[in-house]
Amino acid sequence: MSDKKKYIGKRVVKKDAMALLAGKPLYTDDLAPADCLIVKALRSPHASALIKSIDTTKAKLVPGVECVLTYKDVPQKRFTNAGQSYPEPSPYDRYILEDRVRYVGDEVALVAGTKEKAVDKALRLIKVQYEVLEPVLDFRKAKDNPILVHPEDDWVANCPVGADNKRNMCATDGFESGDVEKVLDECEYVVDETYHTLANNQGMMEPFVTYTEKDAYGRLLITSSTQIPFHVRRIIANALDIPKSKVRVVKPRIGGGFGAKQTVVSELFPAIVTWITGKPAKMIYSRKEVMVASTSRHEMEIRVRLGADVSGKIRAMDMYTLSNTGAHGEHGPTTVGLSGHKALSLYGPVEACRFKADVVYTNTMPSGAYRGYGATQGIFALESAVDELAHKMDMDPVKLREMNLVHEGSIQPAYYNEQFNAVALDRCMARAKEMIGWDEKYPFKDMGNGKVRGIGAAMAMQGSGITALDQAAVEIRLSDEGFYNMMIGASDMGTGCDTILAQMAAECLECDIDQIIVHGVDTDVSPYDTGSYASSTTYVTGMAVVKTCETLRKKMMALAADVLKCPEENMEFDGKKFYSLEDEKEISLSDLATQSHLGINEAMSASESFCSPVSPPPFMVGMAEVEVDLATGQPEVIDYVAVVDCGTPINLNLAKVQTEGGIGQGIGMALYENIQYNEKGGMINNSFMQYKIPTRLDVGKIRVEFENSYEPTGPFGAKSIGEIVINTPSPALANAIYNATGVRLRELPMTSEKILKGMMENGRAQIG
């Protein structure tokens, strides 16, 4: 193959771009049969209660109602909805339906009918008597509380993650390297502060949508907007207590996921309806249901202690995270680790480092996966604390970071003792500093009109797949006329992974990208892939593509040598033809494809899998310029610069929009998104009228550049980019607001009210 790359690092148009622009039917609801039963859930008005009686008699009599299901009608087998490899670290703490409800919005009963109005009427006619119980709503009081969220005896933890339902504990985590207390005592400068991040909703455009039907062989066919088709197959089979061979999952186009669809949410309910009735069924979550009855980011409270010597060398780091998993433990044991491991590893190695964490149950909506997956919360806390340390030392916070950031070749105890082979973090910092004009603008500028501008910086890292666990496989077949069918199990959720993987295959096979036909996920025919999460697709599935192409090339070369009667070692392939270096014998790819279907004992098909022993982190620096109104406290993002090290960017267009989108989400988390519960556990912000997310007009100017490194274990030197891009806005904005106003906000979101209150306390406000 040529060293000059035709497709890698180029701005290739997404494969489905024109279909999307044309509005073609690509999404789950577009594909659902017209005669589907409509499925809806009756939801609990109480945060904690026992169902004493439930009367569905009148509901069943409504014309058009096919069935009404309660806990008495469905299997009673514990499972988890978390899309994770088996055995799942998340506890088995769910039934399909149960006689106990654990949060406002919990499922009480299911109604399926031919018309939506009939289903709505039937839901109103179900009569439920509850024994209302006292809930646990404050996650700071949940651990060892006498009120238990999960008192049941058949609660199951498959993995030793420190879970104990009789203590409201979903998990514990931690590690320690060196003597933290001793080194902190020796440090001239110490910061000890606590930071609080709220739950956030992923806010994807397409809600949770699933339709189900039985095929001609009596198998359950599930078509769903999901990031995890193979995990859905296992979870549904477990919950329905049926063999996995009876379940087939198909993933069409996804209208956004951001981690929300790494959990089974809508799939279970039409599946049980179809399994019982034998009829097609469909469930579409309303936006309110998405907000109150799915999964959110984990609320976390994080204490950070940092110690440095007089020169600014950080010697000790200590973090404790308390995480709220809500009513169920989906992703609780796994998100919390990232809050420490993928924050602390930005610095050092240091003399002493410690991380401890507890994950607790409460009677609030379950938490789950959300882009950043715990690292977002931890990086907000740590990068805020680093700025506080710099100000305590009267040092430029960028200089403090430059002195202490991790470098290439470092072995990080906080990151499972992995060695970092590709690190351009120092170059990212230097470029971002130049882009925003840090030296000229730091720390603030009074605009003279009652407004002041401050700038702030933050660093971030993430990972590239889950080390030595999650797996991806790819199959590529040589088809008629010399095009290739590529079967993948990874779920494109708008990220463009179908295009990126096709770019890699086209580069390896030296063909036009239109010759690579990518097939969406169908668990009956696609090779196994754990799913699109953990920033794994480009790195993990990408390496499976590279390995598969290498194997297929060898097979095709062997066949060409056999057809041409040439020694295989003398054969070459340029993407269009196979030819002998000894003579003028050659055969086109198209003709070889025809030959491969005529009397050949080995099909021209290859399949390889990849599971990485490491998870090389991408790095990023974000810097924000924020203008604050001294009379109202209103912050406005003026400029945001981001420089990303994702190894070799495979598709520059997609990498750029991933970064811009992640920054926009991060700005929403930092300044706008404010989930609140009332005293009875009901979520107040249950629509986009109350739960505010920023529009394009609210995020200011976003400028993105890349500093390339080369990851030797990745495809073409690539690392991930999907999650890291959400991690810098919260701390960068917090640091900018502090530099502008002197107000240090340690809780998100950073609203104008909080900023104004702080300015009134420090005398910076200009009111009246």
Compare all side-chain heavy atoms of [X] with those of [Y] and state whether any distance is below 4.5 angstrom.
X    : Y    : result
L382 : L306 : yes
I663 : M620 : yes
M759 : L630 : yes
T495 : Q658 : yes
Y347 : V386 : yes
V360 : T325 : no
V101 : S48  : no
L756 : T632 : no

Can you check whether [Y]'s main-chain N or O pairs, donor with acceptor, with [X]'s side chain at less than 3.5 Å?
X    : Y    : answer
E289 : Y285 : no
S730 : F380 : no
H298 : G368 : yes
E636 : V699 : no
K451 : G448 : no
N363 : L137 : no
N727 : A460 : no
D492 : G496 : yes
E723 : S535 : yes
N404 : G312 : yes

Please report the interatomic distance [atom1]([X]) to [atom2]([Y]), rounded to the nearest 0.5 Å.
X    : Y    : atom1 : atom2 : answer
R371 : M204 : CZ    : CE    : 14.0 Å
Y189 : D394 : OH    : CG    : 8.5 Å
Q690 : I684 : CD    : CD1   : 9.5 Å
F444 : Y738 : CZ    : OH    : 11.0 Å

Would Q227 and S532 count as a side chain to side chain donor-acceptor pair (under 3.5 Å) if you check the C-alpha gap in whole Å, the side-chain angles of each, and the deciding distance to 0.1 Å? CA-CA 5 Å; Q227 299 171 222; S532 293; over 6 Å; no
For [X] and [Y], which heavy atoms make the closest approach, and how far apart are they?
X    : Y    : answer
A142 : N168 : O-ND2, 3.1 Å
V628 : A740 : CG2-CB, 4.3 Å
V180 : R354 : CG2-CB, 3.4 Å
V104 : G681 : CG2-O, 3.5 Å
A732 : G622 : CB-O, 3.9 Å
E206 : S225 : OE1-OG, 2.6 Å

Whether over 12 other heavy atoms sit under 6.0 Å from M760 CE: no
Is the number of heavy atoms from other residues, nucleotides or ligands under 6.0 Å of K313 NZ greater than 12?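 Buried by this count: over 12 neighbours within 6.0 Å.
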Any ring-ring contact (aromatic ring centres under 6.0 Å, His included) involving residues 320-341? Give me the pairs, sequence neighbours left out, ordered by first then second residue.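 Every ring-ring contact (aromatic ring centres under 6.0 Å, His included) pair that includes a residue of residues 320-341, provided the two are not neighbours, is H150-H328, F175-H341, H331-Y373, H341-F355, H341-Y416.
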Go through it in stages, so that I can follow the logic: the residues are K445 and E440, the test is salt bridge (Lys or Arg N to Asp or Glu O under 4.0 Å), and I'd like the CA-CA distance, side-chain angles, deciding distance and then a yes or no. CA-CA 10 Å; K445 179 180 180 181; E440 297 78 34; over 6 Å; no
Can you tell me if [X] and [Y] form a side-chain donor-acceptor pair at under 3.5 Å?
X    : Y    : result
N735 : R744 : yes
N324 : T362 : yes
N81  : T263 : no
N674 : Q676 : yes
T695 : D698 : yes

Between [Y] and [X], does any NZ, NE, NH1 or NH2 come within less than 4.0 Å of an OD or OE carboxylate oxygen?
X    : Y    : result
R43  : D106 : no
D387 : R401 : yes
E388 : R746 : yes
K433 : D439 : yes
R303 : E193 : no
R431 : E434 : yes
K656 : E660 : yes

Show the numbers, then the answer: is there a side-chain contact (heavy atoms from CB on, under 4.5 Å) between D358 and M169? CA-CA 7 Å; D358 290 319; M169 294 293 295; 3.5 Å; yes
Report the C-alpha distance between R703 and Y640 in whole Å, list the side-chain angles of each, state the deciding distance to 0.1 Å, and finish with yes or no for side-chain contact (heavy atoms from CB on, under 4.5 Å). CA-CA 6 Å; R703 296 184 285 147; Y640 199 100; over 6 Å; no
By salt bridge (charged side-chain N to carboxylate O under 4.0 Å, His left out) - contacts of D645 (at least two apart):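 Only K719 meet the salt bridge (charged side-chain N to carboxylate O under 4.0 Å, His left out) criterion with D645.
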Decide side-chain contact (heavy atoms from CB on, under 4.5 Å) for F688 and R287; before the verdict, give the C-alpha distance in whole Å, the side-chain angles of both, and the deciding distance to 0.1 Å. CA-CA 8 Å; F688 284 145; R287 184 57 60 178; 3.6 Å; yes
Tell me, please, which residues at least two apart from E761 pass side-chain contact (heavy atoms from CB on, under 4.5 Å).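 Testing E761 for side-chain contact (heavy atoms from CB on, under 4.5 Å), a comparison that skips the adjacent residues, returns K757.
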Does the side chain to side chain donor-acceptor pair (under 3.5 Å) test come out yes or no for E673 and Y691, once each step is laid out? CA-CA 6 Å; E673 300 172 43; Y691 185 80; 2.4 Å; yes
Determine the interplanar angle of the Y442 and H391 rings, folded into 0 to 90°, and report it as parallel if under 30°, tilted if 30 to 60°, perpendicular if over 60°.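 Correct class here is parallel.
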What class does the angle between the rings of H196 and F139 fall in, given that below 30° is parallel, 30 to 60° is tilted and above 60° is perpendicular? parallel
Which of T751, I755, I737 passes side chain to side chain contact (heavy atoms under 4.5 Å, CB included) with L671? It is I737
Chi angles and distances behind the side chain to side chain donor-acceptor pair (under 3.5 Å) call for T321, S339: CA-CA 7 Å; T321 299; S339 71; 3.0 Å; yes
Intermediate values then yes/no, side-chain contact (heavy atoms from CB on, under 4.5 Å), R305 and L184: CA-CA 8 Å; R305 295 196 296 165; L184 280 174; 3.6 Å; yes
